[in-house]
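Read through the structure below, which is laid out as structure tokens, and then see the notes.
In what follows, chains carry the letters A, B, and so on, assigned in the order in which the sequence lines appear, proteins first and then strands, with residues in each chain numbered from 1.
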Amino acid sequence: MALLEVNNIHKQFGKTEVLKGISFALEKGEVLAIIGSSGSGKTTLLRCLNFLETADRGSIVLNGETLFDGENTRRDSEDIIRKKRLHFGLVFQSFNLFPQYNVLQNVTLAVKLLHKVSRKNKEMLAKIEADAKALIDRVGLSDKLKAYPCELSGGQQQRVAIARALALHPDILCFDEPTSALDPELTGEVLKVIKGLKSSDSTMIVVTHEMNFAKNVADKVIFMADGRVEETGTPDEVFGNPKSEKTIAFLQKSLEQI
Amino acid sequence: MFLDVTLELLKGFGTTLQIFALTLLFALPLGLIISFGSMSRFRPVRWLVRTFVWIIRGTPLMLQLIIIFYGPGLLSNWAAAVENPNVFTQWLAGIGVMDRFLAVMIAFVINYAAYFSEIYRGGIEGIPRGQYEAGQVLGMTKTQIFFKVVLMQVIKRIIPPMSNEIITLVKDTSLARIISVYEVIWTAQNYIKLDGIIWPLFYTGAYYLLFCGILTLLFGYIEKKLDYYRS
Ligand SMILES: Nc1ncnc2c1ncn2[C@@H]1O[C@H](COP(=O)(O)OP(=O)(O)OP(=O)(O)O)[C@@H](O)[C@H]1O
Ligand SMILES: [Mg+2]
């Protein structure tokens with residue numbers, strides 16, 4: 001059974017239908033790259049998975065547990081949604097680090113709050129910090145533990161954001177164009193970190209405009225167009241032998257840009 | 001003579017400080033409540049609160065002071081003269097003349113709460129949505145997001161406009177004089193009336209300057225404390 005099954009997700013804002021029935025499945029440890037032109041609904045899809053938006057129809061099943069079912073009209077309470085969210089992590093295009101906290105605090109804050117750790121519980125705090133430091137080391141920022149976000153480059157900030165998301169040990173980590181807000185020379189360091197996570201068996205969904213990254217790192221590629229999955233397959237299939245006209249046109253265009 | 005004037009003015013300035021402190025004490029929290037109203041998702045509430053704020057900010061504090069001081073007295077007079085009194089008019093007639101200091105406090109608290117509410121609103125609305133969403137995806141509750149993520153950033157944002165407004169308040173307290181509340185300007189003017197000397201009035205400027213100077217230092221210190229990060 002797949003780790004994540006997304007079935008027929010629909011979402012509209014007012015009159016505009018942004019997602020028109022998205023379905024896909026993801027195995028544990030797989031990396032899924034989602035590509036597609038601007039406005040095709042990639043961000044909206046990730047936001048539905050993270051319950052920042054509520055889908056209108058369809059279902060989301062994780063590890064056999066139904067997290068969302070459009071048939072069920074009863075709205076989940078704030079608390080239940082919060083618990084469901086924890087299955088997913090989300091790394092934003094614009095990092096969204098907490099500016100008033102240093103790197104270590106950014107990574108530990110949510111974990112401390114989640115476990116309601118009191119200041120007196122030194123043992124637990126030490127454990128959380130050790131865990132956070134290990135993650136920060138993994139994204140290559142051990143020397144920046146006490147730095148504030150404003151003192152870091154965009155690439156470094158995004159790596160902190162990745163560590164922060166990992167600190168809650170989500171089942172699936174989602175990235176929304178993690179390198180789009182970065183100068184070209186900084187995208188490499190972030191993509192390298194994401195690639196490094198793959199070798200440690202993390203399951204990831206990466207929305208990206210970096211075609212080379214999708215080609216080389218992803219196990220599966222989805223090309224989205226106009227709120228639908230226009231084409232899906234292995235990178236070799238989608239990039240090497242695209243079937244849909246739209247995919248061909250899109251790939252052509254993204255080649256021209258380079 | 002100089003010492004006498006200094007001490008006498010100090011007494012007057014005591015009232016000034018009292019108006020200042022009490023206004024802050026009540027207007028700071030009231031302003032926060034008003035700001036929540038002006039950001040309410042419920043449209044009539046938002047509309048009502050914003051109209052209220054518009055009226056308060058769009059008319060002089062001096063006028064508000066006069067209305068609040070004389071208004072109840074006028075109503076009370078009118079009620080006393082009504083031909084067929086009922087419970088309500090009897091109650092109104094019983095109000096009589098408003099206490100001067102109370103009138104000043106009501107006018108100042110309402111006026112400053114309206115200004116503060118706009119500062120709070122600006123501070124809260126200025127926090128990028130991404131901050132809330134980052135908190136949400138990390139599994140935080142709304143309360144946790146407000147207190148652990150947003151609040152510090154709001155405080156940092158509102159300190160500069162707040163310090164401006166608070167320093168304006170120090171000087172606005174002199175308006176209380178127009179309904180004869182014995183603050184420092186009123187005390188100084190008494191010297192003109194009774195002794196025919198004008199320099200005490202000029203001298204009051206020193207009190208305001210000194211106090212505003214202290215406040216400026218204080219706010220400068222707080223700003224510096226919060227300067228360890230940029231958003
Ligand atoms: N909250 C919202 N309210 C109304 N319309 C929205 C909202 N969010 C997204 N949309 C619309 O939905 C469409 C898809 O947006 P989305 O951000 O999902 O696209 P995207 O594929 O991520 O594009 P990009 O590559 O530019 O990030 C757009 O036309 C956008 O205007
Ligand atoms: Mg997007």
Side-chain angles (χ1 to χ4, degrees), chain A residues 43 46-47 49-53 77-103 105-116 146-152 157 160-161 163-170 173-176 181, chain B residues 28 32 35-36 39-43 45-46 119-163 218-231:
Chain A
T43 297
L46 289 191
R47 290 174 64 84
L49 291 179
N50 283 275
F51 296 92
L52 288 176
E53 308 283 356
S77 74
E78 184 63 34
D79 236 27
I80 294 180
I81 291 181
R82 219 161 48 76
K83 293 230 171 62
K84 290 180 173 176
R85 259 192 200 124
L86 291 171
H87 291 293
F88 294 89
L90 178 59
V91 173
F92 299 86
Q93 190 175 339
S94 50
F95 333 135
N96 296 338
L97 292 180
F98 306 131
Q100 73 269 39
Y101 295 125
N102 67 29
V103 168
Q105 290 167 326
N106 260 280
V107 178
T108 54
L109 178 68
V111 192
K112 287 183 193 164
L113 291 176
L114 183 68
H115 301 300
K116 301 201 176 71
K146 293 278 144 69
Y148 288 90
C150 61
E151 299 164 343
L152 301 176
Q157 288 189 50
V160 176
R164 181 176 72 171
L166 287 171
L168 290 163
H169 303 290
L173 187 51
C174 305
F175 297 80
D176 189 6
Chain B
L28 285 172
L32 192 60
S35 79
F36 288 145
M39 292 183 289
S40 167
R41 254 179 263 171
F42 188 52
R43 222 182 261 198
V45 170
R46 198 173 61 213
I119 293 177
Y120 290 133
R121 183 159 75 92
I124 292 172
E125 287 180 344
I127 304 297
R129 208 171 55 145
Q131 290 289 308
Y132 294 92
E133 291 183 345
Q136 282 177 299
V137 227
L138 291 168
M140 296 184 200
T141 64
K142 278 191 177 149
T143 326
Q144 289 172 339
I145 292 173
F146 183 78
F147 285 106
K148 298 288 177 178
V149 175
V150 178
L151 186 62
M152 262 289 268
Q153 300 183 47
V154 172
I155 291 175
K156 185 179 162 94
R157 272 162 192 271
I158 65 175
I159 288 286
M162 257 319 173
S163 67
L218 182 70
F219 283 117
Y221 173 77
I222 298 175
E223 259 178 69
K224 202 151 181 198
K225 273 254 148 182
L226 293 175
D227 214 28
Y228 69 91
Y229 77 89
R230 271 172 290 119
S231 38

**Item:** Whether over 12 other heavy atoms sit under 6.0 Å from B:Y228 OH
**Value:** yes
**Asked** Should B:L138 and A:L113 count as side-chain neighbours, where that means a heavy-atom distance under 4.5 Å?
**Response** no
**Prompt:** Hey, what do you get for CD (B:Q136) to CZ (A:R82), rounding to the nearest 0.5 Å?
**Reply:** 11.0 Å
**Asked** Can you tell which of B:K142, B:Q153, B:M152 has the highest number of heavy-atom pairs within less than 4.5 Å of chain A?
**Response** B:Q153
**Item:** Closest contact, heavy atoms only, A:R47 versus B:R129
**Value:** NH2-NH2, 4.2 Å
**Request:** Heavy-atom pairs under 4.5 Å with chain B are the metric here; pick the option from A:D79, A:L97, A:I81, A:N102 that has the most.
**Result:** A:L97
**Asked** Is it the side chain or the backbone of A:Y148 that comes within 4.5 Å of chain B heavy atoms, both, or neither?
**Response** side chain
**Request:** Check each atom of A:F51 against the heavy atoms of chain B and say whether the ones under 4.5 Å are side chain, backbone, both or neither.
**Result:** neither
**Prompt:** Nearest heavy-atom pair of A:Q100 and B:V149: which atoms, and what distance?
**Reply:** NE2-O, 2.8 Å
**Fill in**
side chain to side chain contact (heavy atoms under 4.5 Å, CB included) with B:V137: of A:L168, A:N96, A:N50, only one passes, and it is A:N50
**Asked** Should the heavy atoms of other residues, nucleotides or ligands under 6.0 Å from NZ of B:K156 be counted, would the total exceed 12?
**Response** yes
**Message:** Check this for me: B:R46, atom CZ, are more than 12 non-hydrogen atoms of other residues, nucleotides or ligands nearer than 6.0 Å?
**Reply:** yes
**Asked** Closest heavy-atom contact between B:K148 and A:Y101?
**Response** O-OH, 2.6 Å
**Message:** Heavy-atom pairs under 4.5 Å with chain B - which of A:K83, A:E78, A:K84 has more of them than the others?
**Reply:** A:E78
**Prompt:** Nearest heavy-atom pair of B:Y229 and A:C150: which atoms, and what distance?
**Reply:** CA-SG, 4.1 Å
